[in-house]
K.L.:
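I am attaching a structure below and will ask some questions about it afterwards.
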Amino acid sequence: MGLLSITRKIKRKEKEMRILMVGLDNSGKTTIVLKINGEDTSVISPTLGFNIKTIACQKYTLNIWDVGGQRTIRSYWRNYFEQTDGLVWVVDSSDLRRLDDCKMELDNLLKEERLSGASLLILANKQDIKGALTPAEIAKVRSLVDNLNCKTEYNTPVTMFDQRNLI
Ligand SMILES: Nc1nc2c(ncn2[C@@H]2O[C@H](COP(=O)(O)OP(=O)(O)OP(=O)(O)O)[C@@H](O)[C@H]2O)c(=O)[nH]1
Ligand SMILES: [Mg+2]
């Protein structure tokens with residue numbers, strides 16, 4: 001293989017990104033992925049394993065891994081960490097009772113060395129529900145991240161995102 005074709009291959013590879021969507025069960029991960037892909041979201045069931053969607057976004061190919069968030073299957077999340085470029089942590093902004101649980105699981109995730117090179121986006125979902133907290137409130141109330149736009153222990157850039165900007 002010539003140098004040129006090797007270089008082309010590397011470049012092509014760089015345009016492919018692996019995105020891992022995680023968060024507590026019922027936070028809306030599958031719905032978000034289906035919405036991004038323009039699919040019907042009227043009938044959604046809890047994800048018991050994982051779904052992969054490949055979506056073209058500008059010049060990038062995104063391989064989105066949507067992993068089920070029920071408590072009993074959270075221990076399997078670690079099977080999906082390898083080579084993750086972007087981590088999307090989805091929060092149900094209206095589920096105030098589980099914010100502590102949500103923070104604990106995110107804290108655990110951020111200790112994972114295999115995710116250390118990935119960018120983190122925290123997506124405040126279900127903003128349409130009355131009483132839902134805003135992204136800034138979620139970050140503040142439970143110190144979900146210590147300082148917005150700062151980096152975590154593993155140098156992970158953090159962005160807070162409001163789902164209304166997405167759909
Ligand atoms: N009101 C409202 N409901 C939403 C929103 N996003 C998702 N839902 C609903 O929340 C429920 C759970 O959505 P899912 O997409 O299955 O959640 P999930 O995070 O994939 O759940 P698991 O697969 O169990 O981890 C469904 O009834 C969705 O219709 C939203 O932005 N607003
Ligand atoms: Mg799901």
Side-chain angles (χ1 to χ4, degrees), residues 16-57 60-112 114-115 118-145 148-149 152 156-167:
E16 217 170 291
M17 290 198 171
R18 183 180 161 111
I19 311 292
L20 180 63
M21 304 267 301
V22 268
L24 302 189
D25 49 294
N26 201 50
S27 54
K29 302 174 291 295
T30 303
T31 308
I32 292 165
V33 177
L34 292 175
K35 280 265 184 193
I36 294 173
N37 209 29
E39 291 180 53
D40 179 33
T41 56
S42 51
V43 184
I44 303 256
S45 348
T47 309
L48 300 178
F50 65 93
N51 306 305
I52 312 175
K53 284 262 180 248
T54 300
I55 294 175
C57 178
Y60 294 97
T61 302
L62 308 179
N63 294 315
I64 306 184
W65 292 67
D66 159 30
V67 185
Q70 288 180 45
R71 188 184 293 279
T72 50
I73 53 175
R74 287 179 206 158
S75 58
Y76 298 114
W77 285 353
R78 67 171 78 100
N79 298 339
Y80 306 95
F81 292 162
E82 218 66 64
Q83 307 205 317
T84 292
D85 299 297
L87 182 68
V88 180
W89 180 260
V90 180
V91 182
D92 177 344
S93 315
S94 68
D95 190 357
L96 311 189
R97 282 185 310 143
R98 291 207 296 167
L99 273 180
D100 286 330
D101 202 11
C102 174
K103 177 179 164 49
M104 184 199 71
E105 294 291 0
L106 178 60
D107 283 348
N108 286 340
L109 214 62
L110 292 178
K111 286 181 196 138
E112 282 291 339
R114 279 176 298 159
L115 290 173
S119 295
L120 169 66
L121 186 145
I122 300 177
L123 204 156
N125 199 29
K126 304 201 185 181
Q127 288 292 304
D128 57 297
I129 295 181
K130 200 164 175 269
L133 297 181
T134 64
E137 282 169 338
I138 291 172
K140 213 163 115 192
V141 171
R142 288 295 187 274
S143 302
L144 203 59
V145 282
L148 281 184
N149 302 321
T152 63
T156 311
V158 180
T159 314
M160 286 291 288
F161 202 81
D162 178 334
Q163 133 263 3
R164 283 171 304 184
N165 298 329
L166 184 82
I167 299 168

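Predicted, not measured: the structure shown is a model, and the values here were computed from it. Each ligand, and each atom within it, is numbered from 1 in the order the structure gives.
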K.L.:
The Mg ion (ligand 2) and T30: any N/O/S contact shorter than 2.8 Å?
P.N.:
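Checking T30: at least one N, O or S atom is under 2.8 Å.
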K.L.:
Taking everything shown except R114 itself, do over 12 heavy atoms lie less than 6.0 Å from its CZ?
P.N.:
yes
K.L.:
Does any part of the side chain of P135, heavy atoms only, come nearer than 4.5 Å to the side chain of Q127, both counted from C-beta?
P.N.:
yes
K.L.:
Quick check against the 3.5 Å criterion: does E105 have a side-chain atom that pairs as donor or acceptor with the backbone of D100?
P.N.:
no
K.L.:
Under 3.5 Å between some N or O of ligand 1 and some N or O of Q70?
P.N.:
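By distance alone, the answer is no.
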K.L.:
If I apply the N/O under 3.5 Å rule, does G69 come out as touching ligand 1?
P.N.:
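Yes, there is a polar N/O contact under 3.5 Å.
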K.L.:
Counting C-beta onward and ignoring hydrogens, is there a side-chain heavy-atom pair between L109 and V22 closer than 4.5 Å?
P.N.:
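Counting from C-beta outward, L109 and V22 do come under 4.5 Å.
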K.L.:
Does S27 come within less than 4.0 angstrom of ligand 1, counting non-hydrogen atoms of the residue?
P.N.:
yes
K.L.:
Counting only nitrogen or oxygen atoms and a 3.5 angstrom limit, does D25 reach ligand 1?
P.N.:
no
K.L.:
Can you list the ligand 1 atoms lying under 4.0 Å from a non-hydrogen atom of P46?
P.N.:
23 (O), 24 (O)
K.L.:
Counting each atom of ligand 1 from 1 as listed, which ones have a heavy atom of G28 under 4.0 Å away?
P.N.:
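Within the 4.0 Å cut-off of G28, ligand 1 contributes 7 (C), 13 (O), 14 (P), 15 (O), 17 (O), 18 (P), 19 (O).
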K.L.:
So, is T47 placed with an N/O/S atom under 2.8 Å from the Mg ion (ligand 2), counting both backbone and side chain?
P.N.:
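For T47, the answer is yes, given that an N, O or S atom comes within less than 2.8 Å of the Mg ion (ligand 2).
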K.L.:
Going by the angle between their ring planes, with limits at 30° and 60°, are W65 and F50 parallel, tilted or perpendicular?
P.N.:
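W65 and F50: parallel rings.
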K.L.:
Check this for me, if you would: do K111 and D107 make a salt bridge, where the nitrogen-to-carboxylate-oxygen distance has to be below 4.0 angstrom?
P.N.:
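No salt bridge links K111 with D107.
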K.L.:
I'd like to check whether Q127 has a polar contact with ligand 1, where a contact means an N/O of the residue lying under 3.5 Å from an N/O of the ligand.
P.N.:
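So ligand 1 has no N or O lying under 3.5 Å from an N or O of Q127.
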K.L.:
Counting from 1, what ligand 1 atoms have a heavy atom of G68 closer than 4.0 Å?
P.N.:
25 (O)
K.L.:
Answer with side chain, backbone, both or neither: which part of I129 has a heavy atom less than 4.0 angstrom from an atom of ligand 1?
P.N.:
side chain
K.L.:
Does one side chain, of T47 or T30, offer a donor that lies under 3.5 Å from an acceptor on the other?
P.N.:
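A pair is found: one side chain offers a donor N or O, the other an acceptor, under 3.5 Å apart.
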K.L.:
Please determine whether side-chain contact (heavy atoms from CB on, under 4.5 Å) holds for the pair K53 and D66, giving the CA-CA distance in whole Å, both sets of side-chain angles, and the decisive distance to 0.1 Å.
P.N.:
CA-CA 8 Å; K53 284 262 180 248; D66 159 30; over 6 Å; no
K.L.:
Any nitrogen or oxygen of N26, side chain or backbone, less than 3.5 Å from one on ligand 1?
P.N.:
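By distance alone, the answer is yes.
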K.L.:
Checking D92 side chain against S94 main chain: does a donor-acceptor pair fall under 3.5 Å?
P.N.:
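Here the side-chain-to-backbone pair exists.
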K.L.:
Any idea which of T30, I44, T47 brings a heavy atom closest to atom 22 (P) of ligand 1?
P.N.:
T47
